[in-house]
Amino acid sequence: MTFFYKAKSFVLMSYLLLIGISLGAIITTALSASSIFGAAKIVEGLQITHFQSGILMTSIFLKFNILMNILAFFIIVVEILYFQINKAKITPFLGLVNIALIFLFTLYYTPAILEAQKLGEAATQTESFYQIHQQSVWVFKALIITLTALFFTHLYPKLKFS
């Protein structure tokens, strides 16, 4: 039984670490956007368009999406186990919300933005592209909130206030 308890603790710690790393990546990605899109103002003489900055930002998001998809896999596994072992309802629900948001971002919005970029600069200046981009921003913001909630709902029972 001690092995099971230690394994459960290790899985939970690893899971919380991965959620924390992912939250850090989300915040870093969000904060770096202003530098990427303002690069021409930051670096004197740099000739980069808004469209080119968008391509750079997308390359960051493609790498970021790998981390998010790995996180989604871990959320699926851990929350199913957590539900079966603890009969918890809140964390599996938050897990489902996070999985939906992650896959919405990585499998719908990122490919849609990539497709528009392949069509050229004019395709990224349309109202439909603006709407897709705005929706992806809202998904990103919701992901910050729901991942933070998932992190703390798992952490809270483990805290000892003595």
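Everything numeric in this text was worked out from a predicted model, so none of it was measured.
Judged by distance alone, the side chain of Ser136 and the main-chain N or O of His133 form a donor-acceptor pair under 3.5 Å. Judged purely by atom type and a 3.5 angstrom limit, Thr124 has no side-chain atom pairing as donor or acceptor with the backbone of Gln117.
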Derivation of the side-chain hydrogen bond (donor to acceptor under 3.5 Å, both in side chains) call for Gln131 and Gln135: CA-CA 6 Å; Gln131 292 299 320; Gln135 291 167 15; 4.5 Å; no

Worked check of side chain to side chain contact (heavy atoms under 4.5 Å, CB included) between Val11 and Leu81: CA-CA 10 Å; Val11 168; Leu81 291 172; 5.6 Å; no

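In this structure, Thr91 and Tyr82 approach most closely via the heavy-atom pair OG1-CD2, 3.2 Å. Minimum heavy-atom separation, Thr146 to Leu94: O-CD2, 4.5 Å. Nearest heavy atoms, Thr106 versus Pro111: O-CD, 3.4 Å. Closest approach of Leu46 and Ala40 over heavy atoms only: O-CB, 3.8 Å. Contact between Phe129 and Ala123 at its shortest, heavy atoms only, is CB-O, 3.4 Å. What you find for Ile99 and Ala72 is that their closest heavy atoms are CG1-O, 4.1 Å.
Phe74 has its ring centre no less than 6.0 Å from the ring centre of Tyr15. Separation of the Tyr109 and Phe61 ring centroids does not fall under the 6.0 Å cut-off.
Distance check: Leu147 CG to Phe152 CZ gives 12.0 Å after rounding to the nearest 0.5 Å. Once rounded to the nearest 0.5 Å, the distance linking CD1 of Ile36 with NE2 of His50 reads 12.0 Å. Rounded to the nearest 0.5 Å, atoms CD1 (Ile90) and CZ (Phe83) are 12.5 Å apart. With rounding to the nearest 0.5 angstrom, the CD1 atom of Ile60 is 12.0 Å from the CG atom of Asn65. Note that CD1 of Ile80 is 8.5 Å distant from CG of Leu96, once rounded to the nearest 0.5 Å. Atom CE of residue Met68 and atom CG of residue Asn98 lie 9.5 Å apart, to the nearest 0.5 angstrom.
Note: the hydrophobic cluster containing Ile144 also contains Leu17 (ILVMFWY, side chain heavy atoms under 4.5 Å, direct or indirect links). By the criterion of side-chain heavy atoms lying less than 4.5 angstrom apart, applied directly or through intervening Ile, Leu, Val, Met, Phe, Trp or Tyr residues, Ile145 is not grouped with Phe64; the two fall into different hydrophobic clusters. Residues Ile70 and Val97 share a hydrophobic cluster, clusters being chains of Ile/Leu/Val/Met/Phe/Trp/Tyr side chains in contact below 4.5 Å. Hydrophobic cluster membership is shared by Ile26 and Phe151, with clusters built from Ile, Leu, Val, Met, Phe, Trp and Tyr side chains linked at under 4.5 angstrom. Put simply, Leu18 and Met13 are part of two different groups of oily side chains (I, L, V, M, F, W, Y) that touch within less than 4.5 Å, one to the next.
For Tyr130, the OH atom sits in a loose shell: 12 or fewer heavy atoms of surrounding residues, nucleotides or ligands are nearer than 6.0 Å. Heavy-atom neighbours of Phe103 CZ from other residues, nucleotides or ligands within 6.0 Å: above the threshold of 12.
Leu62 has its side chain within reach of Leu114: a pair of non-hydrogen atoms, C-beta onward, lies under 4.5 Å apart. Counting heavy atoms from C-beta on, the side chains of Leu150 and Glu79 come closer than 4.5 Å. Contact check for Tyr108 versus Val139: no side-chain heavy atoms found under the 4.5 Å cut-off.
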